[in-house]
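Just so we're clear, the structure is a prediction, and the values are computed from it rather than from any experiment.
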Amino acid sequence: MKVVILLKSLFVLLFILMFSVSLFAFSITKNTNVVIKENATEAEKYAAEEFIKYIEKITGNKLNITTTETPKSVYISALGDETGDDGVNINFKDNNLYIQGNSPRGTIYSVYEFLVKYLGVEFYTKDIEKIPSKKAIVLSNNINYSYTPSFMSREAYYRGNNAYPEFALKHKLNGNHNYISEEMGGHIELINWCHSSMVYLPPEKYMNEHPEFYSLVTGRRVPIQLCWTNKEMQKELAKRVIEILDSYNNPKIIDVSQMDNTTECECENCRAAKEKYASPAGALVEMINYVAGEVKKKYPNVYVETLAYQHTLPAPKGITCADNVIIRVCDIENNFCEPIAEKSAFGPYTPVNGRNWGYIDTQTINKVFADNLEAWANICKSLYVWDYTVNFSNCHIVHPNLHILKPNLQYFRDHNVIAMFEQGDYYNEGSTFNELKNFLISKLLWNPDEDVDKLKEDFCKNVYGKGYKEILKIIDIYTNAVYHKGLYYPTYVYDMEWMTEDDYVKSVKLFQEALKKTEKDEQANTKINNIYISFLYGWYVMNDEKFDRVLMECKLPWNDKEEFSEYFEKYIIAHGNGYISEGKPIDFVAAAYELKKSDKTPQFIIDNNIKDEDWFEIDSLDFGLHAIGVQREEKDASFGTVTDLYPTQTEWSMQRSVSGNIVNFKKAGKTSLDVYVECKTVNKHNDIGDIATLGVWDYNTNSNRFKNNIAAKDLNDNSFNIIYLGNFEFGDCKDGTFYMCGVNNPDCAEAITIDRVICVLK
């Protein structure tokens, strides 16, 4: 009898549990309808279609879409209009599942959030997704989830996002370069992007009648920056900004920012503003506040954005930004192996072999940046950060910064930052952990509190297959090599001297083990090999002794650097990773620049019977102006144009690659160049010292291959003189770039005018 009673009790309990599950559960079956509004936007329709597509991938069931309200259905719609934010909402009500966004774009995000958070879907790369297989989807109907991201604009500047907008959308990225169509929710365009001053007031239109609109430098007006304190310039600038806004439908942010140089206007008003506000940025804020005020009269919901960049990074004192102003703070000088919030607490720092900014203190740089960001946060309600997650010098040199991604984004979120631009490697598909870094950054831009270790392991398991443990160990090795090791690690690094030989050898062997484990998994094997081949570029640039050690201990299949170089170039191009640095394809050596000759053959060429094929000229405009200077027409010049450089400007003002040319010269049996420059002075004061420098920089060795100064005594204001600067021997130079700049001797002359550089092959 007791047994019978016990069985009956168990049956009743089981019945109650089954009833409870059915009462508090929601099932998505083949009969479940997806309901959208009759007047649904294209973005809402896209959200519903994506939901149906992935449910079919998971269960095999294709759901129906309808505009008729039905019970026990999935309702997909926006709660607000297109001006709403990107917030997501997932909840149950009246036995229906509601997947809704605060805007049409947010509705698409809500669908992806539901798929990832509740169904286990994940989007790792453009070609790898995790789609669980389920016969039935049963959900607890007490789900009540909502989330609004801290960052209004989120952009991870990687090729996986920019070239594939569908993938960017799945990671809820909406930045300027994501190019997501309106039908897919659109994106937030930053009109005119950056360094835009001359877009509004182009010198060719305004300079003749209004030279006062432009900066005063060494006594004359030059169109290199605007004179920010000039009231008439401000009025015309605001007028032009509004005219451009008039051409846009529903604009959100417009950039009005300084040009890409550190020039400061030296007029009386600008100097007074700098003193008043204790920063060059004071006059900039005055100007941007005026423009923002005019914009607000017609476009009350539009932000006007400007840069706090290099010399304008220090926040001004005694002034605040208008409510519709965004300050975009740039951290290009930072130490990228230490979190910003630590404020350079683990120094003193030793710079690695890279470009170190001459105007910063590497020992305290993150503290300086943090102090300035916090100062900007005190005077501006809305900040934008331009952050750097890439090695600009070489995309195939590991940039060991995975450990700082989360703390930095949390720090930005906590200091009034509403928009993020994470500059990564836009050019390559999958070199040097690009895909993993892109995945982590994208996740953290949406939610900076994500568990990075969990995300990293999940990614590696699903992308690198059986080789994932070895890849995680490699990441640990290179992270431990820089984190709290007293290194200053910038965005321009030329080699991997920061990693010990033992750690490098260990890493190569781990790569080889990972490749062996994935021999039967073509996709994982290729993904690992793409990173491995890039990683070996660090071996390629080692000195010969280290190179030979790695070659022998790791049993690499190449015998020398030339053999590896040839393989490396062909491999990375074939796998979509063919860029060596920003804008420079690895096969750039095959694309030599045209060697020009003007109709003004130098007399010494004629006198010495130098063959036509043994000399060439570089027009001053071919150099490309990268910093302060003026490029203009001059009828007496060899090519009809000249460039004025200023003795105070010691950063490279002009640059022109001759890498491809050098390769061809070598093939023709040439070994060097005699280098001449044709130039004159502007308002020469005296013959004391030098006025400018011409050199050739080799990016592979991070060194000058040739450098010589131009003496003031050899020049005059009245006529061009040809100055011999010496012989540049090619040697093993592969990436040679001519450059010119001043030498910080403002007393000798106002400027030097460059006509051309003349080169004679030897």
Any cation-pi pair here, [X] with [Y], using under 6.0 Å and within 45°?
X      : Y      : answer
Arg413 : Trp446 : no
Lys126 : Phe167 : no
Lys57  : Tyr54  : yes

Is the [X] ring parallel, tilted or perpendicular to the [Y] ring (thresholds 30°, 60°)?
X      : Y      : result
Tyr464 : Phe459 : perpendicular
Trp386 : Phe421 : perpendicular
His187 : Tyr179 : perpendicular
Phe369 : Phe412 : perpendicular
Phe114 : Phe51  : tilted

*Go through the steps to decide whether Asn438 and Asn434 satisfy the test side-chain hydrogen bond (donor to acceptor under 3.5 Å, both in side chains), and finish with yes or no.*
CA-CA 6 Å; Asn438 180 37; Asn434 270 1; over 6 Å; no
Decide yes or no for Pro149 and Asn447: does some side-chain heavy atom of the first lie under 4.5 Å from some side-chain heavy atom of the second?
no
Next on the checklist: Quick one, Val302 and Pro251 - any side-chain contact, counting heavy atoms below 4.5 Å?
Outcome noted: yes
Side chains of [X] and [Y]: is there a donor and an acceptor less than 3.5 Å apart?
X      : Y      : answer
Glu155 : Asn176 : no
Asn577 : Tyr427 : no
Asp86  : Asn174 : yes
Glu113 : Tyr145 : yes
Tyr303 : Asn324 : no
Tyr158 : Thr389 : yes
Asn89  : Asn102 : yes
Asn366 : Asn335 : no
Glu374 : Tyr411 : yes
Glu50  : Tyr112 : yes
Ser77  : Gln100 : yes
Asn33  : Thr66  : no
Asp425 : Asn428 : yes

Could you check whether [X] pairs with [Y] (Lys NZ or Arg NE/NH1/NH2 to Asp/Glu carboxylate O, under 4.0 Å)?
X      : Y      : answer
Lys297 : Glu294 : yes
Glu435 : Lys527 : yes
Glu129 : Lys170 : yes
Glu56  : Lys53  : no

message = Could you check whether atom NZ of Lys456 has more than 12 heavy atoms from other residues, nucleotides or ligands sitting under 6.0 Å from it?
response = yes
Point to revise | His399 (side chain) donor-acceptor with Gly424 (main chain) under 3.5 angstrom | key: no
Check: Glu450 main-chain N/O paired with Lys443 side-chain donor or acceptor under 3.5 Å:
no
Task: Pair Phe392 + Tyr492: ring centers closer than 6.0 Å - done: yes
